[in-house]
2 protein chains.
Amino acid sequence: MSTSLRIEVNCRLYLRDPQETELGRRLIAESVRLIDEIGLEQFTFRKLAQRMQSTEASLYRYFENKHRLLGYLVSWYWAWLRFQIRFHTHNVPAAARRLRLILEILTRAHRDDPTTTELDEAALYRIVVRESSKAYLTHEVDEDNQAGLFREYKYLVADIARVVQELSPAYAYPHALISTVVEAAQKQLFFARHLPSLTDTSPDATEQCIYCFLEGLLFGALHPPEPA
Amino acid sequence: MSTSLRIEVNCRLYLRDPQETELGRRLIAESVRLIDEIGLEQFTFRKLAQRMQSTEASLYRYFENKHRLLGYLVSWYWAWLRFQIRFHTHNVPAAARRLRLILEILTRAHRDDPTTTELDEAALYRIVVRESSKAYLTHEVDEDNQAGLFREYKYLVADIARVVQELSPAYAYPHALISTVVEAAQKQLFFARHLPSLTDTSPDATEQCIYCFLEGLLFGALHPPEPA
DNA sequence: CTTACATGAAAGTAATACTATCAACGGCAA
DNA sequence: TTGCCGTTGATAGTATTACTTTCATGTAAG
């Protein structure tokens with residue numbers, strides 16, 4: 001039935017793999033919609049259970065708490081994005097061209113994609129934009145990091161940073177540059193929607209504006225003005 | 001007694017101005033320390049009251065909830081930073097030089113400063129780094145924005161963007177560039193401390209590395225390579 | 001057939017996020 | 001001095017959150 005590719009995330013994010021059961025898959029699909037609707041702070045397993053016609057206890061068998069569920073969702077997204085990037089750039093020889101393709105994917109990653117179904121991609125992307133940084137901006141970062149909960153994000157940054165290194169081997173900050181660009185892609189979209197004075201996008205071409213802004217940022221950093 | 005400058009923030013952030021009473025000032029000072037220690041999620045007014053030898057009810061007379069308190073603290077920080085920037089750049093004619101000074105302030109803003117006392121600046125800066133984006137990454141952004149709760153941040157970005165515009169009037173994304181740089185200054189510091197594979201800083205010169213990275217980013221964007 | 005296991009149902013606990021009431025104190029005004 | 005106001009403290013109370021526990025039931029696999 002489901003021919004969609006299987007995205008794997010760190011198993012320490014869940015107690016039981018939600019991909020393996022019908023209830024688990026519904027949990028994921030419905031939680032994406034509910035978190036998108038009411039926000040992470042208002043989201044509870046009780047509300048999710050009610051909406052799914054299931055029970056709190058059942059859901060707690062999949063995830064320790066909602067924070068881990070968030071970690072799962074965003075990790076899943078990073079892994080999916082990484083797959084998208086590999087897929088769309090695997091036979092592009094020029095690093096500069098590959099980098100531009102990646103930037104395009106980063107800035108319009110919320111469009112629905114036929115390979116993965118059952119999931120509201122647009123809602124998931126809104127969750128990534130609004131909530132993903134809360135996965136690591138906690139007092140427990142170091143333990144969570146030790147447990148490998150952020151590795152999908154690290155892999156993504158490392159993959160893209162490698163393209164930067166190929167293009168500009170002398171550039172000293174490839175990881176910082178890419179983590180900045182990835183975060184900015186989300187933040188600028190959020191600002192465009194909610195705090196427009198923090199950005200400079202035209203309302204009817206937000207994504208293109210963000211793309212152009214980030215392209216200038218990225219390639220500007222890699223080809224600096226001659227030190228006079 | 002207190003000769004320190006008075007930082008004003010949007011009065012809708014609080015129910016009663018905490019600067020005006022002894023209890024209010026203790027509230028601020030102690031909450032900075034406690035949030036820094038245990039993180040925003042674990043922080044409650046009950047714990048703060050216990051630590052201050054006061055009561056929950058008294059503290060709720062100053063702030064509606066801990067989210068507003070966070071908003072107050074980070075707004076205070078942005079206002080303070082803006083003052084620092086004005087103070088240190090007010091008689092520097094060259095926009096490029098002013099921009100570099102601002103970048104320096106942004107990347108070492110957590111050093112203690114003699115003009116403001118009573119407050120643990122280093123702890124406040126750690127709070128800004130870890131928690132500030134949670135002030136606006138909520139489901140209620142739009143209402144909070146309507147109420148003007150983010151105006152200090154907007155003012156700061158607008159101020160710096162004006163310098164960018166002076167330096168490069170043709171550049172199309174001054175606000176996006178500055179909001180990106182301001183956020184990156186914090187994020188890269190957080191990454192350096194907790195998720196070092198997302199950055200490229202040497203452990204003994206983190207701030208300098210971040211400064212150099214951001215300088216390249218900022219001026220690279222403003223002086224793009226000639227379109228061949 | 002029975003066993004293992006996933007789920008549902010129900011209840012319970014500790015903590016959180018508040019709100020309400022009232023008494024005590026201190027300052028100031030008549 | 002008396003009387004009032006406003007701030008704080010003390011106590012209690014409520015609804016919700018974030019879980020955990022126990023047990024019954026249905027179902028799928030051996």
Side-chain angles (χ1 to χ4, degrees), chain A residues 1 11-31 34-35 37-73 131 134-135 138-140 143-144 149, chain B residues 1 11-31 34-35 37-73 131 134-135 138-140 143-144 149:
Chain A
M1 170 85 149
C11 64
R12 299 179 72 168
L13 281 162
Y14 49 79
L15 300 171
R16 163 172 307 163
D17 188 346
Q19 307 261 41
E20 299 218 320
T21 67
E22 184 55 32
L23 185 69
R25 286 183 292 267
R26 284 209 299 137
L27 193 173
I28 299 301
E30 287 292 328
S31 66
L34 189 54
I35 295 174
E37 274 177 38
I38 66 178
L40 184 68
E41 327 295 320
Q42 299 305 314
F43 171 87
T44 69
F45 277 6
R46 180 180 299 267
K47 289 174 187 167
L48 179 59
Q50 277 166 5
R51 182 163 167 144
M52 290 173 62
Q53 312 266 52
S54 178
T55 63
E56 243 180 312
S58 298
L59 304 187
Y60 273 110
R61 286 172 187 127
Y62 285 86
F63 291 98
E64 230 174 295
N65 51 53
K66 72 174 173 184
H67 194 256
R68 287 290 155 97
L69 170 60
L70 174 68
Y72 180 92
L73 295 176
E131 321 283 6
K134 296 173 191 168
T138 70
H139 199 248
E140 301 80 32
E143 297 105 83
D144 288 355
L149 304 195
Chain B
M1 170 85 145
C11 65
R12 298 179 73 167
L13 281 162
Y14 49 78
L15 300 170
R16 162 170 309 165
D17 189 345
Q19 307 260 41
E20 298 218 320
T21 67
E22 184 55 31
L23 185 68
R25 286 184 292 266
R26 285 208 301 134
L27 193 173
I28 298 302
E30 288 292 327
S31 66
L34 188 55
I35 294 174
E37 274 175 40
I38 66 178
L40 184 69
E41 327 295 320
Q42 300 305 314
F43 171 87
T44 68
F45 277 6
R46 181 180 298 266
K47 289 174 187 168
L48 179 60
Q50 275 165 6
R51 182 162 168 147
M52 289 173 62
Q53 313 265 52
S54 177
T55 63
E56 241 180 315
S58 298
L59 305 187
Y60 273 110
R61 286 173 186 127
Y62 285 86
F63 291 98
E64 228 174 295
N65 52 51
K66 70 175 172 183
H67 194 257
R68 288 290 155 99
L69 170 59
L70 174 69
Y72 180 91
L73 294 177
E131 322 283 6
K134 296 173 191 170
T138 71
H139 199 248
E140 300 81 34
E143 296 105 86
D144 288 356
L149 304 194

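If you're wondering where the values come from, they're calculated on a predicted model, not measured in any experiment. Chain A is the first sequence line, chain B the second, and so forth, proteins listed ahead of strands; every chain is numbered from 1.
- Atom CD in B/Gln42 sits roughly 12 Å away from atom C1' in D/dA18 (whole-Å rounding).
- The distance from atom CG of A/Leu40 to atom P of D/dA18 is 9 Å, rounded to the nearest whole Å.
- Checking the phosphate oxygens (OP1, OP2) of C/dG8, a side-chain nitrogen or oxygen of A/Ser54 falls inside 4.0 Å.
- Between A/Asp144 and A/Arg12 there is no salt bridge, since no side-chain nitrogen of the basic residue lies less than 4.0 Å from a carboxylate oxygen of the acidic one.
- Spacing between atom CG of A/Leu59 and atom P of C/dG8 amounts to 8 Å, rounded to whole angstrom units.
- When rounded to the nearest whole Å, the span between CZ of B/Arg68 and C1' of C/dA17 equals 15 Å.
- Using a 4.0 Å cut-off on heavy atoms, none of the residues of residues 11-29 of chain A approach DNA chain D.
- Distance CG (A/Leu48) to P (C/dG8): 12 Å, rounded to an integer number of Å.
- Between A/Tyr72 and A/Gln19, the shortest heavy-atom contact is OH-CG, 3.3 Å.
- One atom, CZ of B/Phe45, and another, P of C/dT16, lie 13 Å apart when rounded to the nearest Å.
- A/Leu59 has its side chain out of reach of A/Leu69: every pair of non-hydrogen atoms, C-beta onward, lies at least 4.5 Å apart.
- Distances shown here put a side-chain N or O of B/Lys47 below 4.0 Å from the OP1 or OP2 atom of C/dT16.
- Rounded to a whole Å, the CD atom of B/Gln53 is 23 Å from the P atom of D/dT7.
- Phosphate contact (OP1/OP2 of D/dG9, side-chain N/O of B/Ser58, threshold under 4.0 Å): present.
- A donor-acceptor pair under 3.5 Å links the side-chain atoms of B/Glu131 to the main chain of B/Leu40, judged by distance alone.
- At a threshold of 4.0 angstrom between heavy atoms, the contacts of A/Phe63 with the nucleic acid are absent.
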Under the criterion side-chain contact (heavy atoms from CB on, under 4.5 Å), I'd like the reasoning laid out for A/Ile28 against A/Phe63: C-alpha separation, chi angles, the key distance, then a yes or no. CA-CA 11 Å; A/Ile28 299 301; A/Phe63 291 98; 4.0 Å; yes
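- Considering all non-hydrogen atoms of both residues, B/Tyr60 and B/Leu15 come closest at O-CD1, 3.3 Å.
- A salt bridge does not link A/Glu41 with B/Lys134: every distance from a Lys NZ or Arg NE/NH1/NH2 to an Asp or Glu carboxylate oxygen is 4.0 Å or more.
- Side-chain N/O atoms of B/Tyr62 include none lying less than 4.0 angstrom from OP1 or OP2 on D/dT7.
- Contact check on A/Glu37 versus A/Arg51 returns a salt bridge, with a Lys/Arg side-chain nitrogen under 4.0 Å from an Asp/Glu carboxylate oxygen.
- When distances are taken from the side chain of B/Thr44 to each of C/dT7, D/dA18, C/dT16, the shortest belongs to C/dT16.
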Write out a two-atom table: protein N or O, nucleotide N or O from nucleotides 19-26 of chain D, distance below 3.5 Å.
from	atom 1	to	atom 2	distance (Å)
D/dC19	O5'	A/Tyr60	OH	3.3
D/dC19	N4	A/Glu56	OE1	3.1
D/dC19	N4	A/Glu56	OE2	3.3

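- A side-chain donor-acceptor contact under 3.5 Å links A/Arg26 to the backbone of A/Met52.
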